[in-house]
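Every number for a ligand or one of its atoms is a count from 1 in the order of the listing.
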Amino acid sequence: MKVLVIGGDGYCGWATALYLSNKGYEVAILDSLVRRHWDMELCTETLTPIAPIQTRLQRWKDLSGKNIELFVGDINNYEFLKQSMLKFEPQAVVHFGEQRSAPFSMIDREHAVLTQVNNVVGTLNLLYVLHDHFPDCHLVKLGTMGEYGTPNIDIEEGYITIEHNGRKDRLPYPKQPGSYYHLSKVHDSHNIHFACRIWGLRATDLNQGVVYGVLTEETGMDELLINRLDYDGVFGTALNRFCVQAAVGHPLTVYGSGGQTRAFLDIRDTVRCVELAINSPADPGEFRVFNQFTEMFNVGDLALMVKKAGNSLGLNVEIDHLENPRVEKEEHYFNAKNTNLLDLGLQPHLLSDSLIDSLLNFSVKYKARVDEKQILPKVKWKG
Ligand code: NAD
Ligand code: USQ
């Protein structure tokens, strides 16, 4: 199967492109490389030294004998996107190519606008190319668990059956996202759902939780294939940040009380989930939603797990509770369903088994690259 990975130079996309290529799919990567540009603007770098995309791909070809075609450009440029897709003729498109940081989207008006235009217009362009040229191609789109927010009822997979005044319907699950970034994903979901209903496109929205880890079978084959690992206050995510903080002796930055519960998964499960989704495509006209995560934790408990694992490696790990820069509930109910991917055969990696190998060991190995000035959060949701 021919699979186009949009955003294939990024954290999830790079691991996925190599995994699918290794499995025998014919893979192409399309990426504007804008994420590398945003890192430069923020004066930050991934913990792990990532090679230029062309070098990475050449190394992959030398090692595996497999070619991954590369299209460098922006999906907001419709002509570029259309011509790239006409050349490659994908049967499935996996779309990771968005601005994905909540703090980045909350810096100021410009960053909120950039995030929503980049994400919503890019996805809309993609829907039009699919409609005009590839109506049977399966769109696998990365959404986020954060689309749902933290409602006081169980979170279903995309839809909820509601009885109202004696009538019943299966409706899109209510969305209460917590940043302009998370909102951009809600807007995408609505646009994709509409395109499925009106044009009969087939799509799967993968509402992914927070991803952790840096090691996959393929990215571990050679240092030139290493994946990015963000630890800074803008692009770094909770658990990845905690491990890097533990490695350099910085107190773990739990925001507020730490009772915020989120859904998590290992990057090795991200790549597998994408494969499961493309192998059993949505039907024409179907907008399918999978909640893509394996375990739920609150950030305070995560910090305790990192402290325990860090101490077992001889690190001296302290936990700090910072004033929360975000506006979010710190004590709340959170119970999300995730049976769709398990039913398709996902066998989860558990955090308790991978914390040391996939995260703490990498953090210690590359700790000399850490710029401690980048650790504390600088973006506030209010004022
Ligand atoms: P990333 O920033 O590492 O990668 C995104 C890639 O997309 C980058 O290489 C960037 O250059 C590219 N890109 C962005 N806008 C583009 C555009 N307009 N045209 C072409 N390329 C563009 O992000 P990631 O962590 O790999 O996340 C990938 C996707 O998964 C995102 O959609 C994100 O919302 C979603 N997601 C990520 C996580 C996580 O924890 N990392 C969790 C849930 C969902
Ligand atoms: N948090 C801390 N300390 C930190 C960093 C974060 O306590 O140092 C807390 C945050 O306040 C929040 C939780 O941890 O309550 C998660 O924050 P995060 O930065 O790890 O994740 P988030 O902003 O939600 O975004 C990340 C990805 C995004 C993806 C999302 C999945 O950047 O692309 O969509 O995870 S989810 O959280 O399920 O929406």
Per atom 7 (O) of ligand 2, closest listed option by heavy atom (Phe297, Tyr231, Phe293, Tyr255)
Tyr255
Heavy-atom distances under 4.0 Å are what count here, so tell me which part of Thr237 touches ligand 2: side chain, backbone, both or neither.
both
For Phe235, is the NZ or CZ atom of Arg35 found under 6.0 angstrom from the centre of its six-membered ring and inside 45 degrees of the ring axis?
yes
Would you indicate which of Asn291, Val299, Leu239, Ile375 comes nearest to atom 9 (C) of ligand 2 when only heavy atoms are counted?
Val299
Specify side chain, backbone, both or neither for Asp230, according to which of its non-hydrogen atoms lie closer than 4.0 Å to ligand 1.
neither
Looking only at distances, can you tell me whether any N or O atom of Tyr181, backbone or side chain, sits closer than 3.5 Å to an N or O atom of ligand 2?
yes
Take every heavy atom of Ser101, measure it against each atom of ligand 1, and state whether any distance is under 4.0 Å.
no
Can you tell me the protein heavy atom closest to atom 33 (O) of ligand 2 and the distance?
Arg100 O, 2.7 Å
Between Asn335 and Asp154: side-chain donor-acceptor atoms closer than 3.5 Å:
yes
Is the NZ or CZ atom of Arg228 both under 6.0 Å from the centre of the six-membered ring of Trp14 and within 45° of that ring's axis?
no
Between the side chains of Glu79 and Gln83, does any donor sit under 3.5 Å from an acceptor?
yes
Could you tell me whether Phe235 approaches ligand 1 through its side chain, its backbone, both or neither, with non-hydrogen atoms closer than 4.0 Å?
neither
So, does Ser189 use its side chain to make a donor-acceptor pair with the main chain of Lys185 at under 3.5 Å?
yes
For the residue pair Glu218 / Asn22, report whether a side-chain donor-acceptor contact shorter than 3.5 Å exists.
yes
Taking atom types as modelled, is there a side-chain donor on Glu330 or Asn324 under 3.5 Å from an acceptor on the other?
yes
Do His349 and Thr294 have side-chain atoms, one donor and one acceptor, less than 3.5 Å apart?
no
Could you tell me whether Ala238 and ligand 2 have an N or O pair separated by under 3.5 Å?
yes
To which of Arg326, Glu98, Met145, His182 does the heavy atom nearest atom 23 (O) of ligand 2 belong?
Arg326
Just heavy atoms, cut-off under 4.0 Å: does Arg36 contact ligand 1 by side chain, backbone, both, or neither?
neither
Is it true that Gly73 lies under 4.0 Å from ligand 1, counting heavy atoms only?
yes
What atoms of ligand 2 come closer than 4.0 angstrom to any heavy atom of Gly209?
31 (C), 38 (O)
Does ligand 1 have an atom that lies less than 4.0 angstrom from a heavy atom of His95?
no
For Glu328, take its heavy atoms, then give the atoms of ligand 2 lying under 4.0 Å from any of them.
10 (C), 11 (O), 12 (C), 15 (O)
Contact between Gly8 and ligand 1, counting heavy atoms under 4.0 Å?
no
Below 3.5 angstrom, do we get any N/O pair linking Thr253 and ligand 2?
yes
In this structure, atom 30 (C) of ligand 2 is nearest to the protein heavy atom Thr144 OG1, 3.7 Å
What atoms of ligand 2 come within less than 4.0 Å of a heavy atom belonging to Gln208?
31 (C), 38 (O)
Quick check on Tyr212 - does any of its heavy atoms sit under 4.0 Å from an atom of ligand 1?
no
Could you say whether the N/O atoms of Gly143 and ligand 1 ever approach to under 3.5 Å?
no
Please tell me if the side chains of Pro49 and Tyr366 come closer than 4.5 Å, counting only heavy atoms from C-beta onward.
yes
Are Asn119 and Gln99 packed together at the side-chain level, in the sense that at least one heavy-atom pair is separated by less than 4.5 angstrom?
yes
Can you label the angle between the Tyr148 ring and the Tyr173 ring as parallel, tilted or perpendicular, going by 30° and 60°?
perpendicular
Is any N or O atom of Ala263, backbone or side chain, closer than 3.5 Å to an N or O atom of ligand 2?
no
Check: Glu156/Thr161 side-chain N/O donor and acceptor closer than 3.5 Å:
no
